[in-house]
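The structure appears right after this line, and notes come after that.
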Amino acid sequence: MSENVALLGLGTMGSGMAANLREAGFSLNVYNRTAAKAQALVDAGAHFASTPAEAATGASVIISMLADDTASREVWLGRNGALEAASRGAVLVESSTVSPAWIAELSSLAEQRGINLLDAPVTGSRMQAEAGQLSFLVGGKDSVLETVMPVLKAMSKEIVHLGSVGSGAKMKLINNFLCGVQVASLAEGLAWIERSGLDRDKALTILKAGAPGSPLLGALSERMVSRNYTVNFLLKLMTKDLLYAQGEAAHYNVDLKTAEVARGLFESAIAEGYENEDMSSVIEPLRNK
Ligand code: NAP
């Protein structure tokens, strides 16, 4: 495959996505603020660009997978940013979980340069990124999505087109609002179980098999029990998602009270030093009380 793709951001998710693009045979430019994280990809044949602009130059599809609005703004619009270097006719794919307001701003700046943008955040975590089994939630024009399908397919099991630009970002925040609240309530429930004198394994078996059971409850209860906080999803990123969800829902006069409370739990964990651990470590401050 001769198409030239750029991927900006080689964190937990971007690294796996980039590896699958290489595996599918795309010619790949990668950029990451911390250059050392690119080594494995360079060994796999990717070209390391020392700036976002260098990565974007000559690429027909430019994907970003960055922490938040601030990181995305920096990489697209900052010094040596990717947008200025993108060719007319290139497609920008913003896959980070960012606010719909930022997507609208970036899309409008891209359009002024004759460049189309898709917002395409993902569901799935580190393992799905590594296995090429993500689900893309896409906002943008149908015809634009068609042109990048082979690129997205190399990283995913499913591509859902939700509507115009911003639809993917909106859907992703609703998804993560429900996830964040469930993780926070699981942490409280498990801390309660542990102090109650109940058999923890039996209690969790009942919850997993019953109405509260979900893939998230199954996976995260195991991590909380084993206190395995190696990162699949950084705790600080879930805090960010809940904050963006609250801001977005407020535009529609929906007050996400449960998100406010859940975010409080994640912020307590940050205050105790867990911001760069997996989000399952949100239980620790409750255990320490
Ligand atoms: P991560 O491991 O923390 O990676 C974040 C990336 O953003 C890194 O490349 C980091 O560069 C870069 N970055 C942060 N601040 C920056 C700045 N100011 N300027 C330039 N680059 C900056 O996060 P991740 O887990 O890969 O997640 C990436 C995005 O996907 C996030 O929006 C997250 O919410 C979303 N997401 C994550 C998961 C998951 O399970 N992990 C699942 C779905 C969606 P450095 O390496 O230099 O720090």
Side-chain angles (χ1 to χ4, degrees), residues 6-20 30-41 46 48-53 55-56 63-83 93-100 102-103 106 119-138 155-158 160 168-169 171-180 183 215-216 219-220 223 229-245 248 263 266 270 274-281:
L7 200 142
L8 316 171
L10 302 173
T12 306
M13 300 296 284
S15 300
M17 292 162 72
N20 281 303
V30 290
Y31 165 79
N32 198 55
R33 179 181 60 177
T34 308
K37 290 190 193 168
Q39 194 53 54
L41 287 156
F48 181 73
S50 55
T51 64
I63 305 161
S64 60
M65 196 55 174
L66 301 154
D68 54 15
D69 285 8
T70 308
S72 175
R73 182 180 290 277
E74 177 63 29
V75 168
W76 287 111
L77 304 183
R79 196 155 161 265
N80 296 314
L83 180 58
V93 180
E94 178 48 275
S95 283
S96 325
T97 304
V98 291
S99 68
W102 164 239
I103 289 291
L106 181 59
D119 51 309
V122 301
T123 62
S125 191
R126 182 176 56 83
M127 282 175 290
Q128 289 75 20
E130 287 170 357
Q133 292 290 302
L134 293 169
S135 295
F136 281 99
L137 309 176
V138 185
M155 300 178 277
S156 64
K157 63 169 184 189
E158 184 185 30
V160 186
M171 186 64 232
K172 175 63 183 167
L173 291 182
I174 294 167
N175 185 79
N176 278 30
F177 156 54
L178 266 69
C179 291
V183 172
L216 192 67
L220 269 79
R223 301 194 118 218
Y229 302 136
T230 50
V231 176
N232 284 340
F233 191 126
L234 282 166
L235 188 140
K236 66 181 176 191
L237 292 181
M238 181 50 90
T239 317
K240 172 260 306 184
D241 290 355
L242 288 169
L243 184 68
Y244 289 175
E248 180 60 16
R263 191 162 60 83
F266 286 106
I270 289 176
Y274 291 98
E275 69 173 320
N276 289 317
E277 304 284 339
D278 189 73
M279 66 173 161
S280 47
S281 64

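All residue numbers refer to positions in the sequence shown, counting from 1. Atom set for the values below is all heavy atoms of this structure, side chains included, hydrogens, waters and symmetry mates excluded. Numbering of ligands and ligand atoms starts at 1, following listing order.
With sequence neighbours left out, the salt bridge (charged side-chain N to carboxylate O under 4.0 Å, His left out) criterion links Arg33 to no other residue. Residues satisfying the salt bridge (charged side-chain N to carboxylate O under 4.0 Å, His left out) criterion with Glu130, sequence neighbours excluded, are Arg126.
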Pair up each side-chain donor or acceptor in residues 76-83 with any protein partner under 3.5 Å, not counting sequence neighbours, and list the distances.
from: Trp76; atom 1: NE1; to: Ser64; atom 2: OG; distance (Å): 3.2
from: Trp76; atom 1: NE1; to: Glu94; atom 2: OE2; distance (Å): 3.0

Discussion item. What verdict does the side chain to side chain contact (heavy atoms under 4.5 Å, CB included) test give for Lys240 and Leu237, after you've listed the backbone C-alpha separation in whole Å, the side-chain angles of each residue and the deciding distance to 0.1 Å?
Written reply: CA-CA 5 Å; Lys240 172 260 306 184; Leu237 292 181; 3.9 Å; yes

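Rounded to the nearest 0.5 angstrom, Glu248 CD and Asp241 CG are separated by 12.5 Å.
Contact residues for ligand 1 (protein heavy atom closer than 4.0 angstrom to any ligand atom): Gly9, Leu10, Gly11, Thr12, Met13, Asn32, Arg33, Thr34, Lys37, Met65, Leu66, Ala67, Ala71, Glu74, Val75, Ser96, Thr97, Val122, Gly124, Ser125, Lys172, Asn232, Phe233, Leu234, Leu237, Lys240, Asp241.
Using a 30° and 60° split on the angle between ring planes, Tyr31 and Phe48 fall in the parallel class, below 30°.
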